[in-house]
Novice: 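To start, I am sharing the structure in question, which I have written as structure tokens.
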Amino acid sequence: MPIPSTDEMTLPVLQHIANGQEYRRLSIIKMLTEHFSLTEDERRKLGKSGQMEKSLSRKGLIERSRERHYRITALGRNVLSQSVEEISAPDLNAGTSGDLPDSGENLGIGEGNQRPEKSIEENYQQIRKELAEELLQQIKKNSPTFFEELVIDLLVAMGYGGSREDAQAVGRSGDGGIDGIINEDRLGLDVIYVQAKRWEGNVGEPDIARFAGALAGKGANKGIFITTSDFTKAARAYDASGFKIILIDGNQLAQYMIEHNVGVSIEKTYEVKRVDSDYFAENVE
């Protein structure tokens with residue numbers, strides 16, 4: 001099995017050291033190896049990475065008592081008392097301020113002392129949100145034909161259809177409600193029909209029903225309906241029995257474009273690095 005995530009390891013670690021005594025790092029790694037039935041190679045990778053103890057220390061759940069020894073914190077005991085099956089980031093907000101050290105040192109939080117990593121993440125999400133909004137504005141400035149071609153470009157970038165030459169944008173009068181045709185796989189064993197609407201208003205149930213009718217006319221049962229706006233509740237709840245229709249609204253469209261580099265380019269790249277404590281450890285257990 002793959003090495004478990006930090007969230008998956010959190011509960012077993014806290015249970016293992018719950019009595020408040022200090023535990024050697026090696027004993028914690030051994031416990032995790034047995035708990036998750038890791039292979040010897042996976043155990044070595046887990047021990048070498050050091051991500052488990054670094055992550056739990058940053059969250060304030062454990063603290064280093066001395067070199068390569070750790071113990072549970074008050075916050076860790078409080079989180080453990082919740083008896084959750086898996087502890088993730090949202091669960092860490094359940095404790096009250098009284099559970100935290102007065103200085104907030106373990107979590108690196110406090111007034112005017114927000115963790116740099118959190119600030120970077122928040123700024124990144126804000127930049128991404130503004131980029132998505134700008135993408136939709138640019139799309140709406142162009143013609144419906146341009147939008148149909150963009151949709152095909154995106155689907156190809158997402159891995160459908162093989163090459164751009166294999167895909168077709170067919171949105172013209174008399175197209176029967178179909179704006180594009182793309183292979184579901186590289187071998188062309190099945191095709192997906194596309195409807196692309198560069199609209200301001202939300203797409204309603206009748207539009208989905210007409211699209212299903214167009215699919216039936218083509219003898220197809222798979223389709224993707226993409227819009228720059230949104231879908232009404234009735235449209236999302238439409239029972240297209242016998243058809244598999246995927247609905248993609250404007251926000252999802254913009255996010256897919258960002259993820260697959262369609263209509264965007266990389267301006268800057270930042271790397272966040274940390275000290276590799278294992279590199280500086282002279283005595284390796």
Side-chain angles (χ1 to χ4, degrees), residues 1-124 270-285:
M1 64 171 292
I3 296 177
S5 67
T6 301
D7 285 350
E8 293 171 324
M9 290 188 284
T10 299
L11 184 57
V13 170
L14 294 183
Q15 290 174 332
H16 182 65
I17 65 175
N19 61 12
Q21 298 179 6
E22 65 175 22
Y23 283 78
R24 295 175 64 194
R25 178 178 182 271
L26 189 63
S27 74
I28 299 175
I29 296 298
K30 181 180 179 182
M31 177 277 298
L32 290 171
T33 300
E34 295 173 351
H35 182 85
F36 292 101
S37 301
L38 302 180
T39 65
E40 182 62 19
D41 183 60
E42 290 168 342
R43 183 197 68 78
R44 283 196 298 268
K45 289 180 179 178
L46 176 61
K48 185 176 180 180
S49 72
Q51 289 300 313
M52 176 272 298
E53 60 268 33
K54 293 169 187 174
S55 177
L56 298 189
S57 294
R58 284 196 297 268
K59 294 175 181 176
L61 301 178
I62 66 174
E63 61 184 4
R64 191 173 74 166
S65 53
R66 55 193 174 99
E67 184 66 24
R68 294 179 179 273
H69 287 72
Y70 296 87
R71 62 189 172 204
I72 195 170
T73 64
L75 178 59
R77 286 193 294 272
N78 180 64
V79 172
L80 183 59
S81 69
Q82 299 172 30
S83 299
V84 293
E85 293 184 358
E86 182 176 320
I87 301 172
S88 58
D91 298 312
L92 302 182
N93 297 323
T96 64
S97 58
D99 298 317
L100 299 173
D102 291 341
S103 65
E105 181 180 351
N106 277 345
L107 288 178
I109 60 177
E111 186 175 352
N113 190 32
Q114 187 183 57
R115 287 201 302 267
E117 295 92 337
K118 186 175 182 180
S119 296
I120 292 173
E121 177 65 21
E122 289 177 349
N123 288 332
Y124 169 76
Y270 297 93
E271 291 183 337
V272 178
K273 298 185 179 182
R274 59 171 176 78
V275 172
D276 186 351
S277 58
D278 287 341
Y279 176 84
F280 294 95
E282 293 185 313
N283 298 317
V284 180
E285 295 182 271

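These numbers come from a predicted model, not from an experiment.
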Novice: Pick out which of Glu40, Arg43, Glu42 makes a side-chain contact (heavy atoms from CB on, under 4.5 Å) with Thr33.
Specialist: Arg43
Novice: Would you give the length of the straight line joining atom CD1 of Ile3 to atom OG1 of Thr39, rounded to the nearest 0.5 angstrom?
Specialist: 8.0 Å
Novice: Apply the test side-chain contact (heavy atoms from CB on, under 4.5 Å) to residues Leu80 and Gln15: give CA-CA distance (whole Å), side-chain angles for both, the deciding distance (0.1 Å), then the verdict.
Specialist: CA-CA 7 Å; Leu80 183 59; Gln15 290 174 332; 3.7 Å; yes
Novice: If I take atom OG1 from residue Thr6 and atom CE from residue Met9, how far apart are they, to the nearest 0.5 angstrom?
Specialist: 4.5 Å
Novice: What distance do Met52 atom CE and Ile29 atom CD1 have between them, rounded to the nearest 0.5 Å?
Specialist: 4.0 Å
Novice: Would a distance-only check, ignoring hydrogens and angles, find a side-chain to backbone donor-acceptor pair under 3.5 Å from Thr73 to Leu61?
Specialist: yes
Novice: Does the side chain of Lys59 reach to within under 4.5 Å of the side chain of Val79, using non-hydrogen atoms?
Specialist: no
Novice: Is there a donor-acceptor contact under 3.5 Å from the side chain of His69 to the main chain of Glu67?
Specialist: yes
Novice: Taking atom CG of Leu56 and atom CD1 of Ile28, what is their separation to the nearest 0.5 Å?
Specialist: 8.5 Å
Novice: To the closest 0.5 Å, what do you measure between CG (Asn123) and CD1 (Ile120)?
Specialist: 8.0 Å
Novice: Is the backbone of Glu53 close enough, under 3.5 Å, to the side chain of Ser57 for a donor and an acceptor to pair up by distance?
Specialist: yes
Novice: Atom NZ of residue position Lys54 - does it have more than 12 heavy atoms of other residues, nucleotides or ligands inside 6.0 Å?
Specialist: yes
Novice: When rounded to the nearest 0.5 angstrom, what distance separates CZ in Arg24 from CZ in Arg66?
Specialist: 9.0 Å
Novice: Looking at every heavy atom in both Tyr70 and Arg25, which two are closest together, and how far apart are they?
Specialist: CE1-CB, 4.2 Å
Novice: Is the shortest side-chain heavy-atom distance between Pro4 and Leu32 below 4.5 Å?
Specialist: no
Novice: Identify the heavy atoms of His35 and Pro12 that sit nearest to each other, and give their distance.
Specialist: NE2-CG, 3.5 Å
Novice: Please determine whether side-chain contact (heavy atoms from CB on, under 4.5 Å) holds for the pair Ile72 and Asn19, giving the CA-CA distance in whole Å, both sets of side-chain angles, and the decisive distance to 0.1 Å.
Specialist: CA-CA 8 Å; Ile72 195 170; Asn19 61 12; over 6 Å; no
Novice: Step by step, would you call Arg71 with Glu63 a side-chain contact (heavy atoms from CB on, under 4.5 Å)?
Specialist: CA-CA 6 Å; Arg71 62 189 172 204; Glu63 61 184 4; 3.1 Å; yes
